[in-house]
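Here is the structure we will look at, set down as structure tokens.
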Amino acid sequence: MSETRELPLVEAIQEAYRLEMERDQSVIMVGQDIAGGIFPHTKGLVEQFGTDRIVDTPLAEIGMYGTAFGAAMEGYRPIVDFMFAGFFLNAASPILAQTAQFRFIHGSQMSLPMVITGACGAGMRLGNEHAMLVHNMIAQVPGIKVCMPSTPYDAKGLMLAAIRDPNPVAFIWHLGTMMDRGPVPEGDYEVPLGVAEVKREGSDVTLVANGFQYKNAVAVADKLAGDISVEIVDPRSISPLDIDTILRSLEKTNRLVIVDESWDSRSTASQIAAEVVDVGFDLLDAPVKRVCIPDIPLPGGHMEPYVAPNPDAIEAAVRDVCR
Amino acid sequence: MSETRELPLVEAIQEAYRLEMERDQSVIMVGQDIAGGIFPHTKGLVEQFGTDRIVDTPLAEIGMYGTAFGAAMEGYRPIVDFMFAGFFLNAASPILAQTAQFRFIHGSQMSLPMVITGACGAGMRLGNEHAMLVHNMIAQVPGIKVCMPSTPYDAKGLMLAAIRDPNPVAFIWHLGTMMDRGPVPEGDYEVPLGVAEVKREGSDVTLVANGFQYKNAVAVADKLAGDISVEIVDPRSISPLDIDTILRSLEKTNRLVIVDESWDSRSTASQIAAEVVDVGFDLLDAPVKRVCIPDIPLPGGHMEPYVAPNPDAIEAAVRDVCR
Amino acid sequence: MALGKKQMALLYHNLVRADHFDKMMMNRIMQGKLLGFYHPGDGAMAAGVGASTFLGENDILNPHHRAHGMGYHVGRGTDIGRYLAEHTGKVDGCCGGRSSFHWSFPEQKVYGASGFIGWHFCPVVGWGWASKQKGEQMVLMASGDGSYGQGAAHEAMLFAMNWKLPIVFFCENNGMAIHSTAADMHPMPDISSLAQGYGMPAVVVDGQDVFAVAETVIAARKHALAGKGPTFVEAKTLRLREHDVGTPDLARAEPREAKYLEALKQRDPVVLATRRVLDEKVLTQKQIDQIYQEAKEEVARVEQFADDSPVAQPSIEELQAGVYA
Amino acid sequence: MALGKKQMALLYHNLVRADHFDKMMMNRIMQGKLLGFYHPGDGAMAAGVGASTFLGENDILNPHHRAHGMGYHVGRGTDIGRYLAEHTGKVDGCCGGRSSFHWSFPEQKVYGASGFIGWHFCPVVGWGWASKQKGEQMVLMASGDGSYGQGAAHEAMLFAMNWKLPIVFFCENNGMAIHSTAADMHPMPDISSLAQGYGMPAVVVDGQDVFAVAETVIAARKHALAGKGPTFVEAKTLRLREHDVGTPDLARAEPREAKYLEALKQRDPVVLATRRVLDEKVLTQKQIDQIYQEAKEEVARVEQFADDSPVAQPSIEELQAGVYA
Ligand SMILES: Cc1ncc(C[n+]2csc(CCOP(=O)(O)OP(=O)(O)O)c2C)c(N)n1
Ligand SMILES: Cc1ncc(C[n+]2csc(CCOP(=O)(O)OP(=O)(O)O)c2C)c(N)n1
Ligand SMILES: [Mg+2]
Ligand SMILES: [Mg+2]
């Protein structure tokens, strides 16, 4: 790890690709129109690595995913890019049924080192299918790790960790963070999977948030500073989930609000709340609040700003538990 | 509603099909090998209703589902049977992305009256894919209702309600309940969707359980009777979830254990716990315990009895919160 | 069967209208007056018009996403004002302003849209099944060449041929899918070769010729209504511009050649159709001028309607009430 | 290219062994000495043996689910004792007793199984892609006629032909899928007609003739290794018994006709092969008797191994440790 510059998150992801593809010849990328590039994370890669390693496929998510899935069994380390993460649903069966169980059900003989990636998130007014937050759909199933970066630093470090992990890892990134700039060291470093980070210390309430919502959490913490002292925990990975870091924070604050840009129902927010009311029951001085997308398909039009979690909703929840 | 006899659950389901197909010519069934019958719920239907209404399809879940999905737009009320419920994953995209959002995203003009059904559950030693519990995968997504019966009575009544509901309803049934016998009235009746039932009154602890696990809950309640008084709430529907009935029970017991034959992660058990620790925080005198499948692919072999929720695990959790 | 002059005039009229609507949409997205994205149909508006203008009222129509279905909307007569209102997030939008870009005209059997390419290969089976049961209706399902990569396309074609469903698989083959070229996506020169696997009749037609497309679809529709099953109609067309406005116009990772694009422009379907209606004396120049004038006015009315409609921002409670019937 | 006598003898030997293993599995499921289900291969064991016996060590092999792949396991030489131990939930099972019925011999490039029919159409693309990159290896992917209903089959064939991947799509067409007949599932007499849609070479071979199957696959493999791309090999076979032991043997909702089944029995591949090896003096009756004797002993050894292995009931913690590498 050497120099640190400011980079947009999407370039931090690309830097991880380049670093690891240079270092490890078995790393390949598979996707649709990744050579030309849909989002800038793949721009220019084909010039450096050629079409044997930057593999464009026909418009067919099962075949596309299969290129990666089968190659992983043959010793490659594929990164498979679904463009918009919601399109993973076209390959839900091989991902959620086959990939997730593959190692375990076959006696833990094989490992499948793969990264499954795609962009999503409210804010571009494209409607439910393009915005669709899929992290919790994948995290429901054991056998695939899931992470979502909040900062360019984490994006590069998590991506490096994801590519090197011997397991399938879903790396989901939020379109609303794509152009966020932040410090990114030039060299090699990993942000470990399965480890949350206290991104801001505080004493009155623990606020859990990641991805685009991390920015909203910071805005709310800034606004409330002086009044309410907010500790922000970024889970970074949501599966496996680092509940211990959250519990440690709760020991200090005894109050918990979880922001999860996802339908509320069976979300990471609900999972955290459930685990806390089991193993952390005595730590709680107030109800645990979840700030999520209400259980409606995410509308496009002009409705995202108030349907998706937003600073007002987060502030209200924080004030509520700190009454 | 007239005579009540004892019927196995699978015949209660079939009775609902027959009743409603006789009453409403727009009801059709679509599936693979349903004319010959894989499970007895479809046996003999083709003789009565013919191949225009009992529609066998090639081995292709998207086309099969599409037969129902498209027909629903054209005024039919299809029941689409996935045989083993996990096979729904082959049509996850049209179900979870398209069907779930269809009404809402198109301005609530249309309704899609469909029943999506399939069998699942631990106990047959077929391994992860055949046993796969999919109710929480579907319930994560708003726009499709989800129910799972525990008794033959509920099976018939919920199925009748599901067929008549103007929305897509997933009716998931557990193979371990298939041959359970119980009283089933002969005539027409509905068990309303979205309404839980207190199936056994008690005062010390609320035990939530459905499907096959309802039987385990009863066994534990029986065993503990005299020592601990267990109130059993059967959610019947898990989406929409009737949290009010659970909260009302908690007002009495102040203790909660939730059994959900599903991976723990982002389960209905977690969702109930999360909702309770938000809106029912003051009702809780003890940690909320979840009894689920640990987050491992469900193994076949000889491992189901101790990996899936079982009376010992339930009893331990109940005793734990009642200490 | 050759088209009559009235039919040709109607096709021409619809083509000019569709072309105007496409240009309106392009202008608006560039001016920031449209939500989401726009996939221009410029130079390729004939196929949709030809395919949809002579469908029956009961036929189910699934427009292609390119040009956001403008050719098909015009052919079917759906309310483009309400579609534009939708595309601008207004209360008069055909989806209540919730969708950004979907159409939904169920009373006219245009059942909705999706951002998942190839989504329609699933319900088309049921549309076809129901149509066969009811009789006297069929399905025109349009999509692009890229969409035939999807496995669901296979299931749809298999079921359609197995059950002899009244479906026309209408493919606008423009030889591109975003940056992918025909050669990247399909091993055979014609995408309709796929039909051979099922013994399904296939026809290749010049998609730049609105009249030829209409004739082909009329014949395929007749075949379908006669109980003879599906037809694959491949309309060879082109893509003049980038995939969607603002995305670079690449073939794989290289910009598409200016010379090549220039050649494509020579096949403009409006120019071709104008020549033909004048040559065959279907319309006079004066009538054509009139058609252009009316199209311009229609576009202005449609824009006015959408722009006058208030922004749709219903409450969360109102939205929740819309999830279940 | 005609097979040599040694090759024919090996095929015959493998066929007899595979047939014995199939009968052993059938007996065991009826005796309650097998977990889950068993899909008998009785009368249809030649195709798998013929397809797999002459593959190279580096070739990737995906066995068909019928007969739980016994013909392929024998051809590849995977450890059937460990597979039976798996099928009985024992610690020596090839999946640690976790799967009930999956195989997994990754060191022999038999990468695992699934209860989802057609699951392999997804990874086969990557198996083929990797094989092409590496050279000198190919993929033999077996499955049934029913599995070709899956959309994923289309994506696999499309990618394979587009990229000229070294894959043999080997289809055991027994004309049935549970209770569905060929006519219910496919509009054409040959399932390999599907290959035409991609311009993929297709061969139909008598699946009851172990020698013919082997010759066909050897040729298709050579074609693949020469960089010429995939081949669809359709082995016409039959299903003598019910889909899986215990399920009624129906065609749609009617029992299959006894007379029809009786006729099928005349095509028993072991009988056919025996006649041929005797006629062509590949083996003597004495050698054949010897092969039968050895097969019986091998089955006994395999059963002994599996039965001696302890039941696998690892703790939850041990299982949890097996989810992630
Ligand atoms: C399931 C899915 N995969 C990928 C995309 C991204 N995408 C949008 S349009 C498109 C190309 C479509 O090509 P084609 O069907 O030929 O239509 P055209 O745009 O050329 O008219 C792609 C790949 C998508 N929207 N949905
Ligand atoms: C995705 C999926 N759908 C349905 C089934 C149920 N099923 C098991 S075997 C089978 C028939 C398979 O037919 P085919 O591929 O022809 O092989 P065969 O059994 O005839 O050898 C079916 C429908 C399944 N296991 N997986
Ligand atoms: Mg195209
Ligand atoms: Mg078969």
Side-chain angles (χ1 to χ4, degrees), chain B residues 31-40 42-48 50-51 54-66 82-84 86-91 93-94 124-132 263 293-308 313, chain D residues 35-37 85-91 93 95-102 113-119 144-154 177-181 184-187 243 247-255 311-324:
Chain B
Q32 288 164 32
D33 310 294
I34 52 175
I38 298 298
F39 304 119
T42 64
K43 216 149 234 156
L45 291 178
V46 75
E47 283 80 356
Q48 183 174 355
T51 51
I54 306 294
V55 183
D56 265 354
T57 80
L59 210 180
E61 280 75 19
I62 295 179
M64 175 184 106
Y65 183 72
F82 278 90
M83 191 181 310
F84 287 92
F87 301 163
F88 107 91
L89 279 172
N90 278 8
S93 186
M124 292 186 67
R125 307 194 296 197
L126 295 174
N128 193 49
E129 295 156 310
H130 286 84
M132 195 181 285
W263 293 307
I293 302 171
D295 287 337
I296 55 179
L298 197 61
H302 296 282
M303 304 170 197
E304 280 172 332
Y306 60 97
V307 172
Chain D
L35 292 179
F37 34 43
E86 184 61 31
H87 225 309
T88 47
K90 302 304 190 70
V91 296
C95 304
R98 290 177 189 164
S99 78
S100 288
F101 62 89
H102 293 223
S114 162
F116 279 35
I117 295 294
W119 77 282
D145 50 324
S147 77
Y148 280 85
Q150 296 291 355
H154 164 60
I178 308 187
H179 307 144
S180 302
T181 69
D184 302 326
M185 292 186 291
H186 200 260
H243 170 70
T247 296
D249 191 4
L250 311 176
R252 302 174 197 170
E254 299 297 325
V311 166
Q313 291 191 311
S315 70
I316 298 281
E317 292 66 33
E318 285 170 300
L319 291 173
Q320 278 171 324
V323 177
Y324 295 103

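If you're wondering where the values come from, they're calculated on a predicted model, not measured in any experiment. So that the names make sense, note that chain A is the first sequence line, chain B the second, and so on, each numbered from 1.
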Which answer fits [X], side chain, backbone, both or neither, if we ask what part of it has an atom under 4.5 Å from a heavy atom of chain B?
| X | value |
| --- | --- |
| Phe116(D) | both |
| Ser114(D) | both |
| Thr247(D) | neither |
| Leu319(D) | both |
| His102(D) | side chain |

Which region of [X], side chain (C-beta onward) or backbone (N, CA, C, O), has a non-hydrogen atom less than 4.5 Å from a non-hydrogen atom of chain D, or is it both or neither?
| X | result |
| --- | --- |
| His130(B) | side chain |
| Val307(B) | both |
| Phe84(B) | neither |
| Asn128(B) | neither |
| Glu61(B) | both |

*Got a sec, which residues hit salt bridge (Lys or Arg N to Asp or Glu O under 4.0 Å) with Asp184(D), two or more places apart in sequence or on another chain?*
Arg252(D)

*Any chance the side chains of Asp56(B) and Thr51(B) put a donor and an acceptor closer than 3.5 Å?*
no

*asked:* Looking only at heavy atoms and a cut-off of under 4.5 Å, which of Ile38(B), Asp33(B), Ile296(B) has the most pairs with chain D?
replied: Asp33(B)

